[in-house]
Structures are given as structure tokens and as C-alpha cells.
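Worksheet for the structure shown next.
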Amino acid sequence: MTATATDTATHPSPDRATPAHPTPYRITPARVLRSEWHKLWTLRSTWITLLTACVLVLTVGITMGSTYDGDDADIDTVVFVLFGTQLSLICFAVLGILVTAGEYATGMIRASLTAVPRRLPVLWSKAAVFTAVAFTLCLVTNVVTFLVAQIWLSGSDKELSLTDDGVLGALAGSAVGITLMSLIALGLGALLRSVPGGIGAFIGSVLILPEVLTTLPLDAVDTATRYFPAQAASSLGSIEHVKDAVSPGTGLFVLALWAAAVLGAAALRLRRSDV
Amino acid sequence: MIRAHGLTKRYGGKRPKTAVDDLTFEVRPGTVTGFLGPNGAGKSTTMRMLLGLDAPTSGRCTVGGRAYDRHSAPLTEVGALLEARSIHPGRSAYHHLLALAHTHGIPRARVRHVLEAAGLTEVAGRRVKGFSLGMGQRLGIATALLGDPGTLILDEPVNGLDPEGVLWIRNLLKAQAAEGRTVLVSSHLMSEMALTAEHLIIVGRGRLLADTTVERFVRDSGTRSVKVVSPAAARLAELIAGPAVTITSDTPGTLDVQGADAEHIGRTAAAHAIPLFELTPQAASLEQAFMDLTHDSVEYATPLEGAAA
Ligand SMILES: Nc1ncnc2c1ncn2[C@@H]1O[C@H](COP(=O)(O)OP(=O)(O)OP(=O)(O)O)[C@@H](O)[C@H]1O
Ligand SMILES: [Mg+2]
């Protein structure tokens, strides 16, 4: 009995009868990246969310610049012209969630993982493509919005040029903050495998929870909330040091750690569970 | 070549359910193998395990000599059509295929070729959202063919197809097998499989019920009987009765004889001068034979589940 069992189990010879396919086709990391790039740009939702995000930042920036009357003198100039990023963050986060959880909602994930059965390259490629697109777009939008807003701000106490100390750093820092925050959203989408679930978790735990916690009259909690993603991100996008926030270097490190942790958890789930 | 050895899948939860139970089978190249079983028999689950989408609770399975995820170009090894839709409805058919093709470096020309083969060229640029059930199914088949794979694993491919589509699938599967490829195709319909497949793997409640050829299945289905109509039916029944013979009678003057062939009955009747009005061998239908085989696994499904509740 054992003999028959081992016989069928360990004898691979008849398998060689399968026609061999000497094709140049093979999975490579670059090809998986290309596939994810293609997937991203062939959906309308991508164009809609990205365009909305850019338009929001620009319009809010123009509105702020053109209606400035010196009332908000104490607000950091970059923070001031980039108020729209509070809204665009939601757009980028939703897109991040759609990139991952959207495939579970539609069943596309089964096709993706049949094509790349090692699974993890799909998640890393999604994250990489999304990060590159989100960062580039945020940076360009931030710079353009800053320059356009300066048309109205020149002559006021908020007149600054790109080359002034800390300006470019703050504009780039804001882009990094939004990108990493929406990368967390992408990870939450992959972890929860549900679009509404991902959006709920992102808004609830990343945007609302720390605000609720800061209302508690406990110093320890106050300090701890500085290390939450949104609070860490706020340290990145301004020229001056933000009151009650960690330093930009710490903020960047903490935010990256959050994103890595969520993506790590998503990777673990992707490897372990059935689809 | 597809191999499953002791393949078992249990789904957890409060009431653990064994979807696939110790399945061992082989699917050989060069023939179409039908994978049959009633609803919930575990066909789709088995196919998902073959493709590495579900991890087996125990046991192993290989495709082309390796676990599916060990292949460096899986799309050229196995083409799959799953039961559940696996397409983003917001993308066009062309871009869906191209996105998958990119992972392996498969060229655009191949994408256009499979679209053409599936009869989708005209609608290739349209978003899948607007596709009918049959068009969606055709796109699924086109996806399976994308890498020109040596093995095809198709879960109910004729689902939702019109007669022309059914014929297309039937011919496609036969042609693929004739080229020496391995073809595993699931279905509930024995009659459809009898036209398409040469080999059969039949499962019920996750267990292997039969691993046979269509020919042998038809031959062995055994329940063939002979219908006899005679004014002296009762006397004839006495004459042909024997240990291996079962005789039933629904209406007076009509016998249904199992275990004795028409020749024997005819000669016996002639020898005793019994007139016969009708003597007809009844071949059991394939569907009937299939239902007889899977009968137990279907029949016990409901009460057992009810008892567990
Ligand atoms: N993800 C899952 N979680 C829990 N139970 C499952 C899951 N997938 C399948 N099952 C159960 O496993 C059993 C086998 O299901 P499966 O879909 O494999 O059957 P099937 O033979 O394909 O049936 P059908 O002919 O209806 O397609 C069913 O009882 C089903 O309820
Ligand atoms: Mg099924």
C-alpha cells in the first residue's frame, strides 16, 4: 500500500511528457511593475481621483491667495497656500484603496494572482507605482499652486519665492506626507480587502481617532498622538517648525514606519490567506 | 499533466466544512478530462487549489510537474477560467488582457490573436461592464489562452454560452487536447461531457467517486434493462427468473428485465411459444447513470447538514 502511494507521489517522469514551452515569456519584477502601471492608467477612476485632487489643491490655493487680507499672518505660507491638500489627501487615499481593495471587490485579484502566483510582487509593484505617481503629481501640483498663489501674494507679508529658505523643502515635504499617508490607505485596502472597509478604517483610525484622543486631558496621550500618521505628516509640510509636532526628520521616519507596518501586515495576509 | 495527491480542503468557521476530501487523481495530456459532480461537490475548490489561489488543508497538487507557484512563467504553463468572475469591469477587454500579458512579456499581437479567437475583436475596446454573460465568458476563455499554455483548467466554460459558443468550446477543447495539451474541464452536465471528454473524474461531497473513461463509464453504467411486452408476461417472468435477474413490472403485461439480455429472453419466449409484442433493450441514459453514481453523495448532503445545525 505504502509502495503504491510513494510510487505515484515521487515519480515525476511522466510529467516530462507535458509539451515543453521554450518561450521567452517569464515573470520579472520589471514586467510586474509595467503590468501594474498599465492597470492603474486603464481605469477611469484613476483619472477622476487624480484630476480631482489636483484641481482641489489648485482652486483652494488660488482662493486663499486672491482673498488674502493679512488676517492669517501667523500661518506658515506653504501651509496657507496648500490648504487644499487636506481635501486632496482623501482623493489620493481613496485611489490607494481602489488600487488594492478594488481588485478584491471585482474579482480581478484572482486573475492577477494567477498571473503572478508568488503574490508579493503584485503588492510591492502596486505600492511602487502608486508611490511614484502620487509623489510626482503632488509635488508638481504643490509647486504650481504655490507659484500661482504668489501672483496675488506678492507685496504681502506672504511673498516668497521658490528659492527662499525652506520653501522647496516644505512643498516636497507636503508631497511626501500625502504620498505616505495614502500609501497607508493602499495597505489598509490590501489588508481589509474591501473598499468601504478601507475607506472607513483610514478615515476612522488615521484622521479621526487622533483628533478624539487629543481632547483627552492626558499629557502622555497628547505626546503619543504626535506620532500618529497625520500628525507626523503635518511636521513635513511647513517652512517653520510646527507647534506641538515632532521634528520633520522624526516625522518622516515615523510616517515611513507606519506605512511599512501596514504594508507588512498586508503582505502577511496576502501570503497566508486564500483569495 | 495535473496531479493531486490526498488533496483536502476544510473551510473553518463555527461549522467546519470539508469541501474536498482526500482527492487523488491524475489528468493526462492529450485528452479532454471531464470533472463532474453535483453542486457543492468541490470541483471549483479543487481547481482553485490547483492554481494556488486556495491553500490545501493537506495533500499536494502539481501542474506540469511543479506546484503552480513554482513556475517561472505560469501563464504559459496553465490557462485557467475560474467560476467566479475575475475581471475588473471598468477596464476594456483589450487592456485587461494586455495588463496580464505584461507580467510575462507577452506581446500585443498575442493579445489581439486571442481576442480574435474568442470572437471579441469588435468589442475589444469596450469596457467589460457592458458585456453579456456569454461575452464575459468568452473573455475568460481568451484570458486562459493568452499564454498558449500546455494545460487548460476551465471551470464550467459553457456557462452562459449560446449554442454556437458551446460548439466553439467543444471544438476548441478537442483541438487543444489533440495538440497534446492537458485539458481539465468541469461541468454538471454528463451529456455535454460525453460529447467533449474522453476521460472522467467524478466527485461527490468532495470525494472521488469514479476515475474512468467515458467509454467505460457508459459500458459499466450497468443499469441496462430490457422492456418486454407480452400477454403471458407472468409466465415468461417465471421462466427467465434467476439469481442474477431482476424483474419489475409497472403495468400488467409489461416487464422490465435487468440481468438478462434480449436474445436470451426472445429465445426463451420462442421455446415456450410465448408471443412477444415488444422486446426492447433500454440503454440507461448517461445522465441517469451519473445521478445513480452521485445519488448518495447528494441525498445525504441535506440531512447531514441539517443535523449539524
Ligand atoms: N470560501 C469558502 N468558504 C467556505 N466554504 C466554501 C468556500 N468555498 C467553497 N465552500 C464550500 O465547499 C463546498 C464545495 O464548493 P465548490 O464551489 O468547490 O463546489 P462545486 O463542485 O464547484 O459546485 P458547483 O457545481 O455548484 O459549482 C461547498 O459546500 C461550498 O459551500
Ligand atoms: Mg463550481
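A note on names: the letters A, B, ... follow the listed sequences, proteins ahead of strands, and every chain is numbered from 1.
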With a cut-off of 6.0 Å (strictly less than), are more than 12 heavy atoms of other residues, nucleotides or ligands near OH of B:Y11? yes
Determine yes or no for a side-chain-to-main-chain donor-acceptor pair under 3.5 angstrom, with B:R91 supplying the side chain and A:K39 the backbone. yes
Tell me every residue that passes salt bridge (charged side-chain N to carboxylate O under 4.0 Å, His left out) with B:K9, counting only those two or more places apart in sequence or in another chain. A:D274
Report which part of B:L75 has an atom under 4.5 Å of a heavy atom belonging to chain A: side chain, backbone, both, or neither. side chain
Which heavy atom in A:S35 sits nearest to a heavy atom in B:A99, and how many Å separate them? OG-O, 2.7 Å
Ignoring hydrogens and angles, tell me if any N or O in the side chain of A:R31 forms a donor-acceptor pair with the backbone of B:H102 under 3.5 Å. no
Heavy-atom count check: over 12 atoms from other residues, nucleotides or ligands less than 6.0 Å from A:W47 CH2? no
Could you pull out the closest heavy-atom pair between A:L43 and B:G90, with the gap in Å? CD2-C, 3.6 Å
Of all the heavy-atom pairs spanning B:H104 and A:A115, show the shortest one and how long it is. CE1-O, 3.1 Å
Can you tell which part of A:R119 gets under 4.5 Å to a heavy atom of chain B, answering side chain, backbone, both or neither? side chain
With chain A, which of B:M49, B:H71, B:H88, B:R48 has the greatest number of heavy-atom pairs at distances under 4.5 Å? B:H88
Identify which one of B:I153, B:V78, B:L51, B:L100 satisfies the side chain to side chain contact (heavy atoms under 4.5 Å, CB included) criterion when paired with A:T114. B:L51
Side chain from CB out, backbone as N, CA, C, O: work out which of these in B:R127 comes under 4.5 Å of a heavy atom of chain A, or both, or neither. side chain
Counting only N and O atoms by type, is there a donor-acceptor contact under 3.5 Å from the side chain of B:T103 to the main-chain atoms of A:V32? no
Report the C-alpha separation of B:E83 and A:R110 in whole Å, then their side-chain angles, then the decisive distance to 0.1 Å, and conclude whether the side-chain contact (heavy atoms from CB on, under 4.5 Å) test is met. CA-CA 11 Å; B:E83 182 174 48; A:R110 286 185 280 270; over 6 Å; no
Checked A:I109, A:I27, A:T28 vs chain B; the most non-hydrogen pairs under 4.5 Å come from A:I27
Within a radius of less than 6.0 Å around CZ of B:R110, do more than 12 heavy atoms belonging to other residues, nucleotides or ligands occur? yes
Looking at A:E36, A:R272, A:M108, A:E103, which one has more heavy-atom pairs under 4.5 Å with chain B than the rest? A:M108
Is atom CZ of A:R271 surrounded by more than 12 heavy atoms (other residues, nucleotides or ligands) closer than 6.0 Å? no
Toward chain B, the part of A:S125 with a non-hydrogen atom under 4.5 Å: neither
Relative to chain A, which of B:L53, B:I87, B:L146, B:I106 shows the most heavy atom pairs under 4.5 Å? B:L53
Is the backbone N or O of A:T106 less than 3.5 Å from a side-chain atom of B:R85, with the two atoms forming a donor-acceptor pair by type? no
Against chain B, label A:V116 side chain, backbone, both or neither, depending on which of its atoms sit under 4.5 Å from a heavy atom there. side chain
Please flag which part of B:L82 lies under 4.5 Å from any non-hydrogen atom of chain A: side chain, backbone, both or neither. side chain
What's the separation between atom CG in A:L113 and atom OH in B:Y68, rounded to the nearest 0.5 Å? 10.0 Å
Under 4.5 Å from any heavy atom of chain A - which part of B:T143: neither
Keeping the roles fixed (side chain from A:Y25, backbone from B:P74), state whether a donor-acceptor pair exists under 3.5 Å. no
